[in-house]
Amino acid sequence: MEFPPRPEIFDFHGVSMTQYFTRNWEKVQNFKARPDDILIATYPKAGTTWVSYILDLLYFGQTSPERLTSIPIYDRVPFMEIAHPPMISGVELAENLSTSPRIIKTHFPVQFIPKSFWEQNCKIVYLARNAKDNVVSYFHFDRMVMIEPDPGDWNSYLKRFMEGKVVFGSWYDHVNGWWKKKQTYSNLHYMFYEDMTEDTEGEIDKLCSFLGLSPSVEEKKQIRGEVHFDSMKKNNMVNYSLFPAMEFKISKFMRKGKIGDWKNHFTVAQNEEFDEDYKNKMKDPTLQFRTEI
Ligand code: PPS
């Protein structure tokens, strides 16, 4: 598929966005959520695909195993706000889903979520990743995905990330906005990439109790194996190798899956500046991230 030049970033209701995620705004805002819909919300590169695959396996791994080998994850778990014709838009894909529940992905900051999700009291899973690894992953992703603005060099990218001038805006606002929402909306399960890495099984257990699921020990073991980084990297249905617009020669979607890769990217000076700025932006002592484990 031919793609036009990389998109421009612009301010959209106070958040940096591109046309690929705003051109369907009205339709997205009018999306009719159902009470059993499950929304997976993340800042880009926080581990969305990981948690999407876990949920897909929990709900459909036993009942429709053929899905796993025939439908790529981005068609099983539609990306609500994406719209780049002639590809089918995320909203249309979600509307066409015949599964129950429908599992839907979004990178929207909390204030952009269509109101029907709140009205229907849908279950929402939010996954967050520490800022340093998140920005590194995002940088490599933007290098290889042609529907993202050109990232430029690492130093300028890091600055733009700190200023919130990357697609979907400020990481700091995103993780804080969703964290705050948790205080008033009880159907929100807030998870951390670092906890998932440290104790995948324990985090799957917590996820199951939030979702009201009780998979067998055998099933959980199977899921644990399926969602391991090495298995996902090899699995064409979840590693995005079938997705147009990605240049795998530049970088892979399943790149490293590590905590602490930021140390291979940040200079001492960049790290100091980042930490200083981080302290000013992350004032809530109840929201803590780990940059190493
Ligand atoms: S996207 O494009 O926003 O949906 O990307 P997303 O899926 O959120 O994030 C991709 C990063 O998550 C890593 N990943 C994993 N890490 C550990 N274990 C598993 N199973 C796993 N699956 C995906 C993926 O490698 C990307 O991180 P980086 O650091 O770039 O490797």
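Counting starts at 1 for both ligands and their atoms, following the listed order.
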Checklist entry - With sequence neighbours left out, what residues match N155 under side-chain contact (heavy atoms from CB on, under 4.5 Å)? => result D153, K159, Q270
Item to check | Proximity of W178 and F108 rings by center, below 6.0 Å | outcome: no
Item to check | Set of residues that line ligand 1, where lining means a heavy atom lies under 4.0 Å from it | outcome: P44, K45, A46, G47, T48, T49, W50, K105, H107, R129, S137, F141, Y193, V227, H228, F229, M232, F253, M254, R255, K256, G257
Checklist entry - Does the side chain of N271 come under 3.5 Å of the side chain of K132 through a donor N or O and an acceptor N or O? => result yes
Checklist entry - Can you pull the side chain to side chain donor-acceptor pair (under 3.5 Å) pairs that have at least one residue in residues 4-17, sequence neighbours excluded? => result none
Checklist entry - Does the separation of the ring centres of H107 and F79 fall below 6.0 angstrom? => result yes
Distance-only criterion, 3.5 Å: show the donor-acceptor pairs between side-chain atoms of residues 206-214 and protein atoms not counting sequence neighbours.
from	atom 1	to	atom 2	distance (Å)
K206	NZ	E203	OE2	2.9
S209	OG	D205	O	3.4
S209	OG	K206	O	3.1

